2 protein chains.
Amino acid sequence: MSPAARRATIIDVAERAGVSRQTVSRAMNDQPGISAATRERVLRAARELSYRPSRFGRGLVEQGPVTLGLVVLDLSNSYYAELGAAMARACAPAGWNMVLVEVGNTPDPEVAAAELARRVDSLVGYGVLGGEISGDVGMPVVRLDGRPSETDRGGVVELAPAAAIAELADHLREAGTRRPLVLDLVGGPLADRPLALAAALRSLHEDGEVPIWEVEARTGHRAVLEEALASGADALLAFNDELAVRLLRTLREMGVDVPGDVRLVGADGLEIGSLVSPELTTLSIDIDEVARQTVSLVAAMLEGGAPLTGDGAHRVVPYRLEVRASA
Amino acid sequence: MSPAARRATIIDVAERAGVSRQTVSRAMNDQPGISAATRERVLRAARELSYRPSRFGRGLVEQGPVTLGLVVLDLSNSYYAELGAAMARACAPAGWNMVLVEVGNTPDPEVAAAELARRVDSLVGYGVLGGEISGDVGMPVVRLDGRPSETDRGGVVELAPAAAIAELADHLREAGTRRPLVLDLVGGPLADRPLALAAALRSLHEDGEVPIWEVEARTGHRAVLEEALASGADALLAFNDELAVRLLRTLREMGVDVPGDVRLVGADGLEIGSLVSPELTTLSIDIDEVARQTVSLVAAMLEGGAPLTGDGAHRVVPYRLEVRASA
DNA sequence: GTGAAAGCGCTAACAG
DNA sequence: CTGTTAGCGCTTTCAC
């Protein structure tokens, strides 16, 4: 019974104002059929009790909007931040709400995701939904940038770079590139994309093999770049745009001309790539399209139009090669 | 009675599986005290009915987490995107959920905000919460970048640039700046920050008055910059970092040296400013601190430790001058 | 203009 | 191991 012990309910307000719950409801929701005086009295009582209607009680009877939970690793990474923004935008037309959760610094990401799963109507994750969570429980679960084989555990929106990478290979070949070099981020296993890049560019490398070097995300770039240039590299393929932009800056500080001395290619297609000079050539993914496809897949799952797992729960969004000044 | 007419409830599943609601609940929540066979039977029935537990029914009895609604104008603006990310991060430690809504393209932003208000425990807005919505209903409402005078309608987290602007004035004076020029974005009324900048720098301008020019966000920069330089401007103060970065690129294309020929200052402190070269000197706001202050204010309001309106509902986060290479 | 009754879907506590 | 009972807080009928 202590003041903060229990949140006030509609009944507390009704008692205090000396009216029925109905009347309180009418007052709180600006509904007609209530005298101004009564309304005032009710609102005062509500204020005095710090009463806030429970969104659960309300949702129960009103059928709230579909809520989509988005789980990402690290929102300070602008790629994920843009994804979150894109998803929110894609949810809006359908009247859906999106709950955004970052689990990168959580002790147990899986637990955090499972907890969120209980609070939403569908779960979308990017690189963070392990095996535990799946469409088993009847809830749509979608993995972004998942592999086709993962459809047994839920929906998958695949980001397919193959065509764009092939196009890039052609582009670099025509440009006379003979010693491309892939720069991956250290930590974690070799990512798919760098591997695919190296494989696709093999045919145009003098040595018949494209080296993959690992670099820190934010430091030590100068030494690596000096070594790379000394090795004769004439095209650098960065893991993502953020790394590419950092490399670009370091190259400029070193007095190296891009693309004159060395070509530079990023990946992701973040806005930042078009704000630097020279503008970044990049393997670009249309993040808004990814978001739209995801929402449409989830919607189909909710309506029963798409299965929760299997081939029918699979969408593909291709990368595009965005040729700009840097390569 | 059509298949999609009504979502299956726990009762439907119970009937189909020939068990009680409780048993269904136990099966769905992986609780102990249920035989493997029964669980399997229940889960199958649930799957057949596309049953998903209602988060409202659940929340009603379980007391869901605090939910904070964040309303922003335009998530494709990286400033708002970073804010959204920061808020999500600030909510995490308290176990709160954040619902992110963009209202820029909505016919009626106020309606969208009001609708969200019914679904969350507290509402935070950046430049989008008009007069209608206020702390009246007992719900914490916080305006980011609000003015102190707006505390009569809810909480305010003020972003205070005065000290940093004064510091910038000193810095530019020492650097010998004599003709600063403020570049605001066209559209909308003159923003506070450009006005404050112009006022603070007046004393160091030869003419005793700092001009404020308006430019498009993304186009026509070259003409404006040529005119600016022709007018003798030796320091450009951009409305925000994004504009500053675009100006920087155009200046480089024009062969103008920054900061040699002209100094350039941005505002906001987005990551992008530190990725270009020269790195951007900027009036920087610690967006994570803004988010933390906001969450802490909302938390206090929910607990009754802070009033919903008035002086007690006011927090201030100062800008910092981030001196880097561009000025 | 106001109140009473009914029910939204779920889970905790207890009984069997 | 399973079922029964009793709410959670709210809004929508329908009476008065």
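Residue numbers start from 1 in every chain, and the chains themselves are labelled A, B, ... in the order their sequence lines are given, proteins ahead of strands. These numbers were taken from a predicted model, which means no experiment stands behind them. Quick note: numbers below take in every heavy atom, side chains included, and nothing from hydrogens, waters or symmetry partners.
With no hydrogens or angles considered, no side-chain donor-acceptor pair links B:Thr9 and B:Arg21 at under 3.5 Å.
Listed for the A:Ser35 side chain is a donor-acceptor partner under 3.5 Å among the backbone atoms of A:Thr38. Not a single donor-acceptor pair under 3.5 Å links the side chain of A:Arg26 to the backbone N or O of A:Gln31. Judged by distance alone, with hydrogens and angles left aside, the side-chain atoms of A:Glu102 form a donor-acceptor pair with the main-chain N or O of A:Leu75 at under 3.5 Å. Looking at A:Arg89, its side chain never comes within 3.5 Å of a backbone N or O of B:Val101 through a donor-acceptor pair. Side chain of A:Glu82 to backbone of A:Tyr79: no donor-acceptor contact under 3.5 angstrom is found.
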Does the pair A:Glu289 and A:Arg292 meet the rule for a salt bridge (Lys or Arg N to Asp or Glu O under 4.0 Å), with working shown? CA-CA 5 Å; A:Glu289 176 63 13; A:Arg292 279 191 301 267; 2.9 Å; yes
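Between the two ends of the helix from C:dG1-D:dC16 to C:dG16-D:dC1, each summarised by a five-pair axis, the helix axis turns through 30° (rounded to 10 degrees).
Between A:Thr38 and the phosphate of C:dT2, there is a side-chain N or O to OP1/OP2 separation shorter than 4.0 Å. B:Thr23 has no side-chain polar atom (N or O) that falls below the 4.0 Å cut-off from OP1 or OP2 of D:dC1.
Comparing B:Gly18 and B:Gln63 by the nucleotide of DNA chain D whose heavy atom lies nearest to each, the residue mapping closer to the 5' end is B:Gly18.
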For nucleotides 10-16 of chain C, 5' to 3', base contacts (B), sugar-phosphate-only contacts (S) and non-contacts (-) with protein non-hydrogen atoms under 4.0 Å give BBBB---
Name each donor-acceptor pair under 3.5 Å that joins a side chain in residues 56-71 of chain A to protein atoms two or more places apart or in another chain, with its distance.
| residue | atom | partner | partner atom | Å |
| --- | --- | --- | --- | --- |
| A:Arg58 | NH2 | A:Asn29 | OD1 | 3.0 |
| A:Glu62 | OE1 | B:Arg119 | NH2 | 3.2 |
| A:Glu62 | OE2 | B:Arg118 | NH2 | 2.9 |
| A:Thr67 | OG1 | B:Arg55 | NH2 | 2.8 |

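Between the CD atom of A:Glu15 and the C1' atom of C:dA4 there is a distance of 16 Å, given to the nearest Å. When the P atom of D:dT11 is taken as reference, atom CG of B:Leu60 falls 12 Å away, rounded to whole Å.
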